[in-house]
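Just below is one structure, and these are the notes that go with it.
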Amino acid sequence: MSTAILTGQPVPGSSLEGDLRSLGYDVRVAADTADAETLLAQVPGDQRVAVVDARFVGHLHALRLGLTDPRFPLAAIPGAVTAQSAGRQALTRAMARENSAGGGTAVAVDSLADRIVTALDHDGTDVHRPELGSLVAAVPADPQARNEARQAVAAVDDEAVRLKSAVKSRDGFFTTFCISPYSRYIARWCARRGLTPNQVTTASLITALIAAGCAATGTRGGFVAAGVLLIASFVLDCTDGQLARYSLQYSTLGAWLDATFDRAKEYAYYAGLALGAARGGDDVWALALGAMILQTCRHVVDFSFNEANHDATANTSPTAALSDKLDSVGWTVWVRRMIVLPIGERWAMIAVLTAVTTPRITFYVLLVGCAFAATYTTAGRVLRSLTRKARRTDRAAQALADLADSGPLAQSLAGVFKNAASRLPGIAAPAVALLGGLVLLGLAAQPGFGGPSAVVGAVVYAVTSALAVARPLKGALDWLVPPFFRAAEYGVVLLLAAKAEVNGALPAAFGLVAAVAYHHYDTVYRIRGNAGAPPAWLVRAIGGHEGRTLLVTVLAAVLSASQFSVALTVLAVAVALVVLVESIRFWVSSGAPAVHDEGEPA
């Protein structure tokens, strides 16, 4: 249980103690700074503790924002400061300094909490200060100021503020105007009944899986039901984040569940559409796999670009300045958000097309829309990178190296190429990665199934992949290296499975790419949660991107088409088991701090 230490002269009629208890705090009253320091020492080190001025006047939600957010070791609002276990040592030092400086004087003279925050700032300690907006949080110095503060509290509806803040400040058009106006009330309903964001996330997943099952029936009624349920799943998907913001229930596990379930829902739905089409005699598995590959590569572009520029210094770009200027014109903001086909617009489009057309048409429109969105966003980011004068950090280079997912073969060859790579021009890494991918796909696309051409392409790809990562990825366009690797690996699986022309090959390829893509998404979410990349043994166990690519091409060369289909299935199951078991083990037992990553709307 959390503990709140009240300092200063109590105010008759104040609701502060009751408000703190409603937020889960055990309230203790200190007579002076020495007593406050004693009470602080008595609180177990693994518990949250807050120091609050007894004269505090403000909204309950201001207290909630300042004292209950699990993401920050130290946080403060006027008249109150709180510390989790990670920030307790800093809080204790600041408290001891104030006690020594004040000589045990009664703390009614001014706010001890505010003096502690000043001391923390002086030490260079990071203290989170939530944006309160119209919410009131103050320590009035006299009765007149207290009355004015109380009037200010009464003039603002903190529940309305709380509901508004539950919605993302930046989201897509469909989500902002068609979902959030009512989903925030669903979030409040869930909060009042004790439901957690993770439970709502799970409900969204189940709804989407049912939608995929309806699509798999191949009937018009099933397609209509699938479209309706997909929208319902998206409503719940919005609700879980809004519930987290409304009730400040953030966690690393919750952020991971929300992100990975989004991918699982969408790709499961693609599979459901492909199964439904097959029942009607139309094989669209290649389109379903192509849609999944395109969407995954879009996400990798987002992730890589953001990580490359996460902490870049001297971050200036005329292209970025132009983008900011366009954002100042209201209608252009929504147009630019819609044309990138974020998740809200994308799922709404898929749901409507499922209900009124066929799976084949749905995938055609999806592929065209996503291809245009990918071209638009990637071109803009390339322009920003070329016109940006920035020095990328070691952290950014390491993140890109982790996203590259190089296996033992590429890492060994990278050591050999290290000296040669250091003499290549700055554009070399993405250029070599792109060249290797094109050679691989070009040779794999040669007529006929089997033969050595794809294997030769995979060997060339492994060598070029090693050369691309042989030096730190700090170049202007080095963030393109992971997306090029993803496109090459996933693309060769699609090509070889399509050329096999046997039942089950493309569904098996879909499963293999889904399993590998999960591993790549898991890597992203670990990096975003400041939890580091997956363990090296996991990358070695599943071969790295170049190792898996070489294995798949060798299997296609030495096996018959039907045997190749079985081998893809076995490989998909093996990779899925290894990455899922390790991922679930990590996230369930992870000691990583609570996070809430808004991420990209895509």
Side-chain angles (χ1 to χ4, degrees), residues 69-71 165-172 174-176 179-180 183-184 186-191 194-212 229-269 292 295-296 298-300 302-303 306-307 342-348 350 514 517-531 534 579-580 583-590 592-602:
D69 196 323
R71 295 173 294 174
S165 63
V167 179
K168 280 184 182 180
S169 59
R170 182 184 184 278
D171 218 328
F174 179 76
T175 305
T176 300
I179 304 297
S180 293
S183 61
R184 70 184 74 182
I186 301 175
R188 181 171 66 180
W189 183 90
C190 293
L195 297 177
T196 67
N198 290 353
Q199 290 171 331
V200 178
T201 300
T202 303
S204 176
L205 173 66
I206 293 172
T207 304
L209 293 179
I210 295 173
L229 288 171
L230 187 63
I231 294 297
S233 174
F234 183 65
V235 172
L236 292 174
D237 182 61
C238 294
T239 300
D240 63 4
Q242 292 166 356
L243 175 57
R245 288 182 286 273
Y246 180 86
S247 57
L248 300 184
Q249 297 183 71
Y250 302 122
S251 68
T252 297
L253 176 62
W256 169 71
L257 288 176
D258 183 47
T260 53
F261 281 9
D262 277 354
R263 307 287 80 81
K265 288 180 286 190
E266 184 166 358
Y267 298 158
Y269 193 84
M292 181 169 66
Q295 190 57 37
T296 302
R298 281 188 64 197
H299 285 134
V300 176
D302 292 341
F303 300 147
N306 290 338
E307 287 302 324
I343 187 170
E345 278 76 359
R346 190 168 68 252
W347 282 25
I350 293 172
Y518 176 87
H519 163 62
H520 292 142
Y521 280 119
D522 185 55
T523 301
V524 168
Y525 302 135
R526 293 192 194 216
I527 294 172
R528 282 186 165 184
N530 294 319
V579 299
L580 279 172
S583 177
I584 293 171
R585 180 208 64 78
F586 171 79
W587 288 105
V588 171
S589 63
S590 173
V595 298
H596 182 68
D597 184 2
E598 298 287 0
E600 290 76 37

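Along the sequence shown, residues are numbered consecutively beginning with 1. Just the heavy atoms: all of them, side chains too, but no hydrogens, waters or symmetry mates, feed the values below.
- Under a 3.5 Å cut-off, the side chain of T239 and the backbone N or O of V235 do form a donor-acceptor pair.
- Between P534 and H519, the shortest heavy-atom contact is CG-CE1, 4.3 Å.
- Put simply, CG on L230 and CD1 on I210 are 12.5 Å apart, with the number rounded to the nearest 0.5 Å.
- Between the side chains of T196 and Q249, no donor-acceptor pair is found at a separation under 3.5 Å.
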Exercise for review: Could you walk me through whether I343 and F174 pass side-chain contact (heavy atoms from CB on, under 4.5 Å), step by step?
Suggested key: CA-CA 9 Å; I343 187 170; F174 179 76; over 6 Å; no
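- Atoms CG and CG, from D258 and L205 in turn, are 11.0 Å apart once rounded to the nearest 0.5 Å.
- Residues H299 and Y521 approach most closely at ND1-OH, 2.7 Å, considering heavy atoms.
- Atom OH of Y267 sits about 3.0 Å away from atom OG1 of T296, to the nearest 0.5 Å.
- At least one side-chain heavy atom of I206 sits under 4.5 Å from a side-chain heavy atom of T202.
- Among T260, T523, D522, the one residue that satisfies the side chain to side chain contact (heavy atoms under 4.5 Å, CB included) test with S583 is D522.
- At least one side-chain heavy atom of D237 sits under 4.5 Å from a side-chain heavy atom of K265.
- When side chains are defined from C-beta on, W347 does not count as touching Y269, because their heavy atoms never get closer than 4.5 Å.
- Heavy-atom minimum distance, S251 versus N198: OG-ND2, 4.4 Å.
- Atom CG in L209 sits 11.0 Å away from atom CG in L229 (nearest 0.5 Å).
- Heavy-atom minimum distance, G194 versus Q199: O-OE1, 4.3 Å.
- Once rounded to the nearest 0.5 Å, the distance linking CD1 of I179 with CD1 of I231 reads 6.0 Å.
- Note that OH of Y518 and CZ of R263 are 12.5 Å apart. Values are rounded to the nearest 0.5 Å.
- In this structure, R184 and Y246 have side chains that are not in contact, with every pair of non-hydrogen atoms separated by 4.5 Å or more.
- Closest approach of S183 to C238, counting heavy atoms only: OG-CB, 4.3 Å.
- Of all heavy-atom pairs between N306 and R528, the closest is ND2-NH2, 4.3 Å.
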